[in-house]
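Here's the structure, in structure tokens; my notes come after.
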Amino acid sequence: MARSIVVSTLLFLIVLTGVALLNGPILALALPLVLYLGAGVLFGPEPLQLTFEHRLDNERVAQGTPVTVTVTVTNHGRYLEEVQIRDHIPDKATVLDGHTAVMASLRSGESVTLTYSLDAARGFYEFGTLTVEATDRLGIFRRQATLTLEESESLFVVPPVRTVGQIPIRPMMTRVFAGYIPARIGGPGIEFFGVRGYQPGDSLRHINWRANARHPGNLYTNEFEQERVADVGLILDGRMRAVVHNGNQALFDQGIMATAALADSFLTSGNRVSLLLYGHYIDWTLPGYGKLQREKILQSLARATVGDSQVFERLQNIPARLFPSKSQLVLISPLLPDDVQILRRLRSQSYKLMVVSPDPLAFEESLMSAEERASEATQIAIRIARLERALLFRQLRQAGIQVVNWRIDEPLDQVIRQGMVRPVMRDIGGLL
Amino acid sequence: MRLLDGAIAAALLVAAGALAVGFFFYSGNQAIVFSVVLPIAIWGIGRFFKFYWTTLIAFTLFVLLALIGVMININTTSAIVAVIAALALLDLDAFRAKLLQFDRIDEESRLIGRHFGRLGMICALSLLLYGATFLININLGVWSALLLAIILFYGLSRAVTYLRRESD
């Protein structure tokens, strides 16, 4: 029960008893209580007239980088004897330094500033709500207000980007601009592509003298494979049933980091990259080039969450038409057995498909205690699950899909490089 | 904070001591004198387990003991002093709990000083007005007392309703 209610109730009791018994000394007992409540009424706070500014030192930071927040509250009303100010901190943020709340007195026109730094997990955060409570000096009466900025400040905490180097892909179709991806078209380039008849203007250095010797009277020129940029579509699987999690979505976070690394690699090579987040809903980042697109993709990944939607329970609702025909698709998914058919269908639609699969078995195994892991039942279960996964990979490879099994404790760069070179040998060794 | 803790302890001792002295001089009966231990114990248990609402119970008990004491004609000054000290205890305990919620308090010593000033003023005014009541003598008849009771009942009901709406 609140203090003022108790005091006023006792005052009520004393006064009525005093009057009922016509007892002056009893009425005298009420004096301190009357004065106490009276002081509260007399010095109680006026309606709050406060404004505030909220500033972040950075609107976009990489995960693990602290952000400094500065909040300044100014009193435009009458003197506030005691004011308590609390800034609202997002749930997934931790205050590293400074204070998020203050108790002070504020004269008219006076300001108080809160400065603190916080470390936030990957995500998108909005700031700009403040709780203020003003009381009289004895704290009997209070006025409370929640102040909100007209335009809230936003903070993107983007996932860290690991460098994975250039990833060798060979989509069926490339774009017209020069790049690093073999275009299956003869022209200026480095890699040998074929031999054709000499045409005026061809460089003499490219004449194939061996072919000329076999066919006297004709001149032949070496042709090289053109290297161009390509369209790459990244698909991140955020389906709840596909992602193993231990409360903080760890495997999904690894998938996000892999997606960021792949996007960075493809964009650095000059490709046009788009991103589709598939899980709770579809979040589509339009295709684009360069640093701006990299930023858009990172911001989209910052917002990504695992979702449990019946519509997107299976991969069959991937809107393949969003991706240019014959382009390269990269799916980042732990994979489920029923995904094979849909991935085959995508492959049959002329998309070149690559799957980077964070290994859920290795991840789940790492969460087990040593005793659990050592038990015979667990060992058998792990072996069966690995066999199923190996079979799944084999089915995908038979359909012409590149698959990379990524144990998240291994560097992604190394895994992709090895997976591209000797995928079959690696997976047989790794899974069995 | 040490000053505040000292003041709380002093308020508790004064409230309990004043009532104990009042009851002792009235009857000398140890059982009645030791009744003041009950609110102290409740307050102490609350402090130990960090249940701040127990101070409200201790305060209520102090006031009720003072009321009973005056009804059985113990020294009124003892009772008034006990009520004032209990009120100070209630106020300072709530103030201490509020201060503990904040890591940052701007001009803390000044804030505490002004709180003490306001509370001290109320305590001093209470004693002053109590002293003034010795000079006032109003004789009420039954009907005028009844009228006064009705007016007080209405007024206090409105006041309590207002307090419920406006206060914490």
Side-chain angles (χ1 to χ4, degrees), chain A residues 1-41 43-44 81-82 84-86 98-106 112 114 133 135-144, chain B residues 53 55-56 59-60 63-64 66-67 70-71 73 76 79-80 83-84 86-87 90-91 94-95 98-99 101-108 110-111 114-115 117-119 121-123 125-127 129-130 133 136-138 140 142 145-146 148-149 152-153 156-157 159-160 162-164 166-168:
Chain A
M1 196 191 291
R3 195 160 29 122
S4 55
I5 302 299
V6 172
V7 174
S8 54
T9 308
L10 284 172
L11 171 65
F12 199 89
L13 180 74
I14 290 168
V15 170
L16 285 183
T17 311
V19 171
L21 298 177
L22 292 176
N23 188 329
I26 289 179
L27 283 173
L29 283 182
L31 279 173
L33 308 187
V34 170
L35 287 171
Y36 188 70
L37 292 175
V41 173
F43 299 108
E81 292 184 332
E82 261 181 41
Q84 299 152 35
I85 299 162
R86 285 186 176 85
H99 304 286
T100 59
V102 64
M103 183 174 167
S105 295
L106 271 183
V112 63
L114 284 169
E133 190 178 303
T135 62
D136 62 293
R137 212 168 278 296
L138 299 176
I140 304 168
F141 291 96
R142 67 173 179 178
R143 285 192 188 272
Q144 202 173 20
Chain B
W53 50 267
T55 309
L56 286 169
F59 167 72
T60 307
V63 173
L64 289 177
L67 183 64
V70 174
M71 283 164 74
N73 285 330
T76 314
I80 267 281
V83 170
I84 291 171
L87 192 63
L90 177 74
D91 178 82
F95 186 55
K98 191 159 66 175
L99 290 180
Q101 289 175 13
F102 291 88
D103 291 331
R104 182 185 150 189
I105 300 161
D106 285 1
E107 298 178 332
E108 184 177 356
R110 212 173 92 179
L111 212 65
R114 287 187 172 182
H115 190 98
R118 177 76 52 86
L119 189 64
M121 188 185 75
I122 288 166
C123 295
L125 260 177
S126 300
L127 285 173
L129 284 175
Y130 170 66
T133 55
I136 302 165
N137 190 10
I138 302 168
L140 290 174
V142 175
L146 189 66
L148 187 65
L152 273 172
F153 185 80
L156 284 172
S157 301
V160 169
Y162 173 75
L163 286 169
R164 275 180 195 276
E166 290 288 324
S167 71
D168 61 351

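Every chain is numbered from 1 and lettered A, B, ... according to where its sequence line falls, protein lines coming before strand lines. Because only heavy atoms are used, hydrogens play no part in the values below, and waters and symmetry mates are left out as well, while side chains stay in.
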Response to the item:
Across all chains, not counting sequence neighbours, the side chain to side chain donor-acceptor pair (under 3.5 Å) partners of B/S126 are none

Residue [X] versus chain B: region with a heavy atom under 4.5 Å:
X: A/E81; value: both
X: A/T100; value: neither
X: A/L21; value: side chain
X: A/I26; value: both

Discussion item. Quick one, B/L90 and A/V6 - any side-chain contact, counting heavy atoms below 4.5 Å?
Written reply: no

Would you give me the side-chain donor-acceptor pairs under 3.5 Å for residues 30-39 of chain A, sequence neighbours excluded?
from, atom 1, to, atom 2, distance (Å)
A/Y36, OH, A/R3, NH1, 2.8
A/Y36, OH, B/D91, OD1, 2.6

Below 4.5 Å from any heavy atom of chain A, which atoms of [X] appear? Answer side chain, backbone, both or neither.
X: B/L127; value: neither
X: B/T133; value: side chain
X: B/F102; value: side chain

Discussion item. Among A/Q144, A/R137, A/H99, which residue has the highest count of heavy-atom pairs closer than 4.5 Å to chain B?
Written reply: A/R137

Distance, nearest 0.5 Å, that separates [atom1] of [X] from [atom2] of [Y]:
X: A/S105; Y: B/I105; atom1: OG; atom2: CD1; value: 11.0 Å
X: B/K98; Y: A/E82; atom1: NZ; atom2: CD; value: 4.0 Å
X: B/L67; Y: A/L10; atom1: CG; atom2: CG; value: 9.0 Å
X: A/D136; Y: B/H115; atom1: CG; atom2: NE2; value: 9.0 Å
X: B/I84; Y: A/L29; atom1: CD1; atom2: CG; value: 9.5 Å

Worksheet, complete the sentence: Greatest number of non-hydrogen atom pairs under 4.5 angstrom with chain A, of B/L64, B/T55, B/L119, B/L111, falls to B/L111

Worksheet item: Taking B/L99, B/T60, B/N73 one by one, which has the highest count of heavy-atom pairs under 4.5 Å against chain A?
Response: B/T60

